[in-house]
**Student:** 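Okay, handing you the structure first.
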Protein chains: 2
Amino acid sequence: MTPPRRITLKDLAAQLGVSTATVSNAFNRPDQLSPKLREHILHEARLRGYQGPDAKARSLRTGRSQIVAVILAESLTYSLNDAVASELLSGIAEVLDAQGHTLLLLSGRQSPARVPGSASIADGFIVYGLMPSLAMLADLPAQRPLVAVDFDVEGQASVHVDNEPAAYAIARHALGTSPKRPAVINLRLTEQPCNGRIGPEHALLSADRTITRARLDGFQRAFAEHGIEPDDVPMWNIEENTHEVCAPVIEEILDLPDDERPDLLLCMSDRIALTALILAEARGLRVPDDLRITGFDGIAEGQYRAPRLTTVRQDSVEKGRVAARMILGLEPPSSRLLGTELVIGETCP
Amino acid sequence: MTPPRRITLKDLAAQLGVSTATVSNAFNRPDQLSPKLREHILHEARLRGYQGPDAKARSLRTGRSQIVAVILAESLTYSLNDAVASELLSGIAEVLDAQGHTLLLLSGRQSPARVPGSASIADGFIVYGLMPSLAMLADLPAQRPLVAVDFDVEGQASVHVDNEPAAYAIARHALGTSPKRPAVINLRLTEQPCNGRIGPEHALLSADRTITRARLDGFQRAFAEHGIEPDDVPMWNIEENTHEVCAPVIEEILDLPDDERPDLLLCMSDRIALTALILAEARGLRVPDDLRITGFDGIAEGQYRAPRLTTVRQDSVEKGRVAARMILGLEPPSSRLLGTELVIGETCP
DNA sequence: CTGAAAGCGCTTACAG
DNA sequence: CTGAAAGCGCTTACAG
């Protein structure tokens, strides 16, 4: 028995007595040879265990791999368990699949803090969320298409939702009930890490660094309109959008004395809002009577329960689709701004 | 200005007056040249915009891409939004990251029903869940490592959890409360699609086709031990582990007349159990007084709420880690069986 | 419709 | 420690 070396296109061509070009055409360009010969080649290929042109060689030769890399700012562990990121990936995958492309998943928080060299195999890059450092972007092969989602890279295409107007709309709705003690729970909005109450010592990130700043701007526009001095509204900050990280901050808030405890929580994500809802219920607080809560995102978990979350629904799946279409050249690269929808649930009717 | 062709290793070598081997070694084998020369080369490379060896060429030359493909039986949309699949991916990604590998995501339910050719770039394959057809496996490059998770491929490594004993343990616990009308809600267990009550006309899949059969076997062993005739226990089947698909079946069950409605639901997943819990609460049924519910999986959503789900916790992250380690050769390929943990929550104390 | 030949950008024995 | 050269497996003008 010969050593089981994988059969190559060249081997097959030799065995069938045709040129390598003809075998290649049989697989890639049906119009370049007779259907009969093509059938013969494909049939023999299967028989002899030739699985088709090797992707590594093909990609070197053509310069294209049919692979699109998605770079997630957060760890993969976090992103894969986050409903919003998952939906974004779904949307991306849907378009890539339909176009015969596949998805390479990279984390911006890789252990070596650098994109692995293998990333350069990708035909294009979709980058999601704020990068821990822009150094990573510099690592990416230049001259390959890049689309930024939920942040901006100078001179590159991007996809956003209208955070400011959406936040304004939900805050306006919530303030319509004339809360006595509104409060805001921000997400990753401080320059320095802060998982708790935001004080005067905390500087906030600017709008070009995080989308949550635009959400705060929207909230504050509504405050001003309702005659509320934004500085009088207490704010907390959450460092990571997970139940575990949210919970202690929410507990701190809910355990304030009755006359200090907010009666309206404007949360920057559904995850935060759901944590607040669960912990409020556990303490016997009635929602919305004792405490009104609003979220942001519109994830399924907030809608398939009672009471349903009042929130802003953003179409993360569509965000992913748009980004993927731009990367594949199915639509021209540009700065796209997607709309959102105010969803009135029972947590803040 | 010259056309902005990407600079290659060869260009760089020529410009620096060294051989291509030396440049290659500067990037790949530091021990093969003096630190000083290496620094010089790396420095000049950065200066001249050479980003390092091209991944396509490198992978062709070495035969390895540093990419591992994960093939998911379900659609990517489903898998990415499923907590168990997400955790599995987290575990895989964790190990791959640490080893400088990256993850290529493929769906077994691709539109063309075939693995795209670009998949053959991967160094190895992790296949998760039952394949719609084994034809797809035949498409994969032979002679490259493959690990099956939650199912078996003849002659290949696999990772499982102990479904039968785990199901037996939770059923035994639940039956200890002497329910009057226990019922089972299965997941994808019928030969033919069935989203509803299972009747005598429905054939069930065998244990080599789905892990949920082993779960049912565990339940039924507990029934027998408690003197309950398994055939007397009504069973329903769920076609897809999502709230939307579960809900109508659960409603059908909960809306049975009081004297027919089960007082114990043994569910094959936490998603099913949570849907039952939410819909029961919406109907004013008291859990666990009127209705006891158990799940399977141990997802976070079932534990970060009140009442907490009684369930079996499987460590999906670890399952992913083990599979990834086997693929990378960090542990020998074998049939690994991971343990589980009975978690007693308030839905079935 | 078919074939001979160049070359994609690397890595790696091997010789010096 | 360094360099010349072969070759990984393909695709693609181009000539016939």
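The chains referred to below are lettered A, B, ... by the order of the sequence lines, with proteins before strands, and numbering in each begins at 1.
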**Student:** Ile7(A) has an atom CD1; how far is it from atom C1' of dC8(D), in whole Å?
**Tutor:** 17 Å
**Student:** Rounding to an integer number of Å, can you tell me how far Leu16(A) CG sits from dT2(C) C1'?
**Tutor:** 14 Å
**Student:** Want to know the stems of DNA chain D: at least 3 consecutive Watson-Crick or G-U pairs with distances under 3.5 Å, which are they?
**Tutor:** C:1-3 with D:14-16, C:5-12 with D:5-12, C:14-16 with D:1-3
**Student:** So does Arg321(B) pair up with Glu87(B), basic N to acidic O under 4.0 Å?
**Tutor:** no
**Student:** With respect to the side chain of Thr22(A), which nucleotide from dA4(D), dG9(D), dT2(C) is positioned closest?
**Tutor:** dT2(C)
**Student:** Return the 5'-most residue of the pair Leu37(B), Ser24(A) with respect to DNA chain D, ranking by each residue's nearest nucleotide.
**Tutor:** Leu37(B)
**Student:** So, do Ser158(B) and Val147(B) sit near enough that their side-chain heavy atoms are less than 4.5 Å apart?
**Tutor:** no
**Student:** Does dG9(C) have its OP1 or OP2 closer than 4.0 Å to a side-chain nitrogen or oxygen of Thr8(B)?
**Tutor:** no
**Student:** With a 4.5 Å heavy-atom cut-off, do Ile67(B) and Leu104(A) have their side chains touching?
**Tutor:** yes
**Student:** Is Arg48(A) salt-bridged to Asp11(A), going by a charged N under 4.0 Å from an acidic O?
**Tutor:** no
**Student:** Roughly, in whole Å, what's the span from NE2 in His40(B) to C1' in dC1(D)?
**Tutor:** 15 Å
**Student:** Does the side chain of Ser75(A) pick up a donor-acceptor pair with the side chain of Thr77(A) at under 3.5 Å?
**Tutor:** no
**Student:** May I have the distance from Asn25(B) (atom CG) to dC1(D) (atom P), rounded to whole angstrom?
**Tutor:** 11 Å
**Student:** Flag the pair Asp150(A) / Tyr128(A) as yes when at least one side-chain heavy-atom distance between them is below 4.5 Å, and no otherwise.
**Tutor:** yes
**Student:** Under a 4.5 Å cut-off applied to non-hydrogen side-chain atoms, are Ile92(A) and Val68(A) in contact?
**Tutor:** no
**Student:** Which sits closer to the 5' end of DNA chain D, Asn28(A) or Val18(B), going by the nucleotide each is nearest to?
**Tutor:** Val18(B)
**Student:** Rounded to whole Å, please give me the gap between NZ in Lys10(A) and P in dA5(C).
**Tutor:** 12 Å
**Student:** Determine whether the side chains of Asn81(A) and Ser86(B) contain a donor N or O and an acceptor N or O closer than 3.5 Å.
**Tutor:** no
**Student:** From CD of Gln32(A) over to C1' of dA15(D), roughly how many Å is that when rounded to an integer?
**Tutor:** 14 Å
**Student:** dC1(D) C1' sits how many Å from Arg29(B) CZ, rounded?
**Tutor:** 13 Å
**Student:** Can you sort out which residues in residues 47-65 of chain A have a heavy atom within less than 4.0 Å of DNA chain C? Ascending by number, please.
**Tutor:** Leu60(A), Arg61(A)
**Student:** Quick check: on DNA chain C, is the nucleotide nearest Asp31(A) upstream (toward 5') of the one nearest Thr20(A), or the reverse? Name the residue that is more 5'.
**Tutor:** Asp31(A)
**Student:** Does the side chain of Arg64(A) reach to within under 4.5 Å of the side chain of Arg58(A), using non-hydrogen atoms?
**Tutor:** no
**Student:** Send over the distance from Leu9(B) CG to dG3(D) P, rounded to a whole Å.
**Tutor:** 13 Å
